[in-house]
Undergrad: 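My structure is below; once you've seen it, I'll send some questions.
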Amino acid sequence: MTLKYSVAIIGAQETDAVGFLPDMSVPHLHAQAARNAIQDAGIRRDDIDGVFTAGISPALLAEYLGIVPRHLDGTSVGGCSFMILVRHAAAAIKAGLCDVALITHGESGRSRVGATRPATDPQSPMGQFEAPYGPFGPSTMFTMGVARHMAKYGTTSEQLAAVAVSTRQWAMKNPRAMMRDPITIEDVLNSRMICWPMHLLDCCLVTDGGAALIVVSAERARSMGLDHPPVYLLGAGEAVEQQMISQMVDFTSSAGYRKAGEEAFRMAEVTHRDIQHVMFYDAFTHTPIYSLEDLGFVKKGEGGPWMAEMHGAPGGDLPMNTNGGGLSYTHTGMYGMFAIQESVRQLRGEAGERQVPGVEVGLVHGPGGMFSAAATLILTNQPGD
Amino acid sequence: MPAKALPVPTPETAPFWDGTKRHELRMQRCNDCAQFFFYPRPYCRHCFSANTEWRTLSGRGTLHTYVINHRPPPGWEEDAPYVIAIVELAEGPRLMTNIVGITDPTPDKLPIDAPVEVVWADVSDEITLPHFRLV
């Protein structure tokens with residue numbers, strides 16, 4: 001039994017705007033995204049019988065939407081949760097637990113309307129064994145392994161900066177992107193040091209926004225007469241290595257990345273050469289380098305030079321983060337949903353000026369937490385057998 | 001100025017914090033697979049055995065990886081920029097810590113795998129943190 005070609009994404013939309021939305025609460029962001037995705041899929045609210053979300057409880061989502069679903073999943077392990085929830089939705093639909101799955105994201109990361117900022121419990125492992133040493137958010141912890149990656153493989157600050165430059169070049173083609181001014185390697189290196197080796201322009205944005213997906217069986221999707229192509233699930237993987245960055249076994253490689261990627265490729269029965277578009281979650285400039293290496297697109301240590309050679313930039317041979325990424329498009333906090341949205345847009349041929357010509361297979365990959373959880377999706381617009 | 005976050009020991013971690021208070025670096029070692037592990041927990045991280053014992057470590061190790069934080073949280077304003085590091089102890093386990101004793105830390109002053117040793121920071125009557133310095 002496989003989940004390959006089990007389901008298709010038939011609805012995929014973001015909130016009307018992303019960026020600075022001080023008039024929208026967290027549940028409002030979820031609900032507006034859900035309405036937009038429902039309309040996009042051409043279904044009715046009451047068709048939804050499975051709800052999947054992260055960051056808020058699926059109970060709040062169902063209540064706010066006014067529905068009584070027969071299946072729910074609240075796996076919430078950070079930004080890749082939405083890739084994981086697509087995988088879980090596929091399993092649930094295949095098993096008959098639900099027929100029409102709604103997956104939502106909404107986060108008031110910038111305005112923090114109706115959002116809570118959880119404090120670290122001083123009795124928790126993190127409270128005892130990390131917090132006393134002055135970490136201050138992901139810039140001080142997610143980046144912990146980069147110095148060792150630099151020492152082991154010769155990765156440089158210029159190569160890291162190239163990720164920001166490449167991503168900005170895509171953002172300049174996206175009218176919805178928050179940051180659209182051109183930047184150079186020097187601009188990145190001259191931007192304010194946040195936490196060495198990360199300068200300001202090595203760090204993702206902090207924004208408000210939401211997005212949602214509607215997932216149904218591939219068979220149902222083919223028969224719906226949609227005015228846009230269904231996007232089929234070819235492969236999906238998920239994994240978790242640790243919760244705390246200090247517990248990472250190899251600081252230059254994510255075990256979760258490797259396992260999720262292997263699982264997705266095994267299910268999809270495709271090779272790296274078949275992948276024509278990638279969305280690598282870019283919380284910081286190093287995470288796409290880890291993605292490229294740990295998923296086996298290049299050997300360990302070749303990720304930095306690959307970025308410097310601009311293979312992922314407009315005109316490159318593997319377009320990467322074409323929406324402008326978390327670095328320049330938007331980053332609400334759990335960005336993974338936006339990576340999926342862009343993959344779907346590309347596979348539908350709806351990416352406008354940044355459309356990758358003839359793309360048939362795309363890959364979405366990212367972390368949850370700080371190299372804690374990980375998930376990979378391989379998607380296609382080809383209808384299969 | 002807001003206070004820095006301090007740990008509150010729990011039953012399974014108390015031997016570690018009791019040790020630091022006496023300026024002893026104590027961690028658990030598994031008697032079945034003969035490896036140290038950290039943070040403290042009832043079962044071995046490597047083989048899940050319950051046959052573990054507390055031992056005192058040398059306090060020597062190497063600078064495994066680190067960041068230099070220029071954007072301090074409340075309570076750390078006077079310290080910035082400061083080094084948050086992962087130290088690999090000579091006996092094998094790793095822990096998060098601060099590298100202290102470097103004025104204006106920069107990467108050239110902090111080579112990866114440089115030897116380090118523990119220094120004790122008595123931050124309250126109850127809590128002593130293990131910090132490290134280059135040797």
Side-chain angles (χ1 to χ4, degrees), chain A residues 117 119-157 191-200 202-203 206 241-253 284 286 370-371, chain B residues 4-14 16-17 37-41 45-46 63-77 79-88 93-100 105-107 110-114 121 123-124 127-132:
Chain A
R117 192 183 289 277
T120 301
D121 178 348
Q123 286 195 318
S124 68
M126 193 176 287
Q128 292 191 59
F129 300 108
E130 291 191 341
Y133 306 106
F136 192 33
S139 63
T140 58
M141 293 193 281
F142 208 159
T143 57
M144 186 58 73
V146 180
R148 192 161 186 88
H149 199 282
M150 293 168 123
K152 185 172 181 180
Y153 296 117
T155 305
T156 65
S157 290
S191 65
R192 182 161 57 91
M193 186 65 80
I194 299 296
C195 183
W196 184 87
M198 294 296 154
H199 311 78
L200 180 66
D202 286 301
C203 303
V206 180
E241 178 179 357
Q242 79 288 321
Q243 182 169 35
M244 291 158 61
I245 194 75
S246 60
Q247 296 288 301
M248 203 167 176
V249 172
D250 177 351
F251 281 87
T252 66
S253 175
F284 296 92
H286 70 299
M370 293 173 282
F371 289 132
Chain B
K4 293 177 179 178
L6 287 184
V8 174
T10 45
E12 74 276 25
T13 69
F16 175 80
W17 295 113
F37 60 93
F38 190 74
Y39 53 89
R41 65 197 89 172
R45 171 180 174 165
H46 306 289
L63 177 57
H64 191 70
T65 193
Y66 65 95
V67 296
I68 305 171
N69 189 26
H70 290 251
R71 195 179 64 109
W76 287 77
E77 293 86 350
D79 299 273
Y82 56 93
V83 182
I84 309 171
I86 303 294
V87 160
E88 182 168 294
R94 297 186 196 137
L95 77 166
M96 184 176 281
T97 186
N98 295 122
I99 305 296
V100 297
T106 50
L110 292 154
I112 293 289
D113 291 331
V123 293
S124 75
I127 295 295
T128 296
L129 298 174
H131 287 168
F132 284 78

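Here is how names work: the chains are called A, B, and so on, in the same order as the sequence lines, proteins then strands, and each is numbered from 1.
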Undergrad: Spell out, as yes or no, whether a donor-acceptor pair under 3.5 Å connects the side chain of A/Q247 to the backbone of A/E241.
TA: no
Undergrad: Heavy-atom pairs under 4.5 Å with chain B: which of A/P132, A/S246, A/G127, A/P135 has the most?
TA: A/P132
Undergrad: Under 30°, 30 to 60°, or over 60°: which ring-plane class applies to A/F129 and B/W17, parallel, tilted or perpendicular?
TA: parallel
Undergrad: Any side-chain donor paired with an acceptor under 3.5 Å for B/T10 and A/Q123?
TA: no
Undergrad: OG1 of B/T97 to CD1 of B/I86: how many Å apart, nearest 0.5 Å?
TA: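 Output value for this atom pair is 9.0 Å.
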Undergrad: Is the gap between the ring centers of B/W76 and A/F136 under 6.0 Å?
TA: no
Undergrad: Within a 6.0 Å radius of atom CD on A/Q243, are there more than 12 heavy atoms belonging to other residues, nucleotides or ligands?
TA: no
Undergrad: Once the angle between the rings of B/Y66 and A/W196 is folded into 0 to 90°, is it parallel (under 30°), tilted (30 to 60°) or perpendicular (over 60°)?
TA: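 The rings of B/Y66 and A/W196 lie parallel, inter-plane angle below 30°.
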Undergrad: Let's test your reading of the structure: which of A/I245, A/V249, A/D121 forms the most heavy-atom pairs below 4.5 Å with chain B?
TA: A/V249
Undergrad: If we define contacts as heavy-atom pairs under 4.5 Å, which of B/R45, B/H131, B/R94, B/K4 has the most with chain A?
TA: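 Of the options given, most contacts go to B/R45.
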Undergrad: Between B/H64 and chain A, with a heavy-atom cut-off of 4.5 Å, which part of the residue counts as in contact: side chain, backbone, both or neither?
TA: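 Contact with chain A involves both backbone and side-chain atoms of B/H64.
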Undergrad: Need one label for B/L6: side chain, backbone, both or neither, based on atoms under 4.5 Å from any heavy atom in chain A.
TA: backbone
Undergrad: If you count heavy-atom pairs within less than 4.5 Å of chain B, which of A/G134, A/A147, A/A131, A/A151 leads?
TA: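 Of the candidates given, the most pairs with chain B belong to A/G134.
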Undergrad: When only pairs under 4.5 Å are counted, which of B/L95, B/N98, B/L63 shares the most heavy-atom pairs with chain A?
TA: B/N98
Undergrad: At a heavy-atom separation under 4.5 Å, does B/Y82 approach chain A through its side chain, its backbone, both, or neither?
TA: side chain
Undergrad: Looking only at the aromatic ring of each residue, does the gap between the centers of B/F16 and B/Y39 stay below 6.0 angstrom?
TA: no
Undergrad: Measuring heavy-atom distances to chain A, does B/P130 have an atom under 4.5 Å in its side chain, in its backbone, in both, or in neither?
TA: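 Both backbone and side chain.
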Undergrad: Non-hydrogen atoms of chain B under 4.5 Å away: do they reach the side chain of A/M248, the backbone, both or neither?
TA: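 Only the backbone of A/M248 comes within 4.5 Å of chain B.
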Undergrad: Side chain, backbone, both or neither: which part of B/P105 has a non-hydrogen atom closer than 4.5 Å to chain A?
TA: neither
Undergrad: Starting at CE of A/M141, measure out to CE of B/M96 and round the result to the nearest 0.5 Å.
TA: 6.5 Å
Undergrad: Please rank A/R148, A/M198, A/M150 by heavy-atom pairs under 4.5 Å with chain B and give me the top one.
TA: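 Heavy-atom pair counts peak at A/R148.
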Undergrad: Sort out for me which of B/D113, B/V123, B/V83 touches chain A most, counting heavy-atom pairs under 4.5 Å.
TA: B/D113
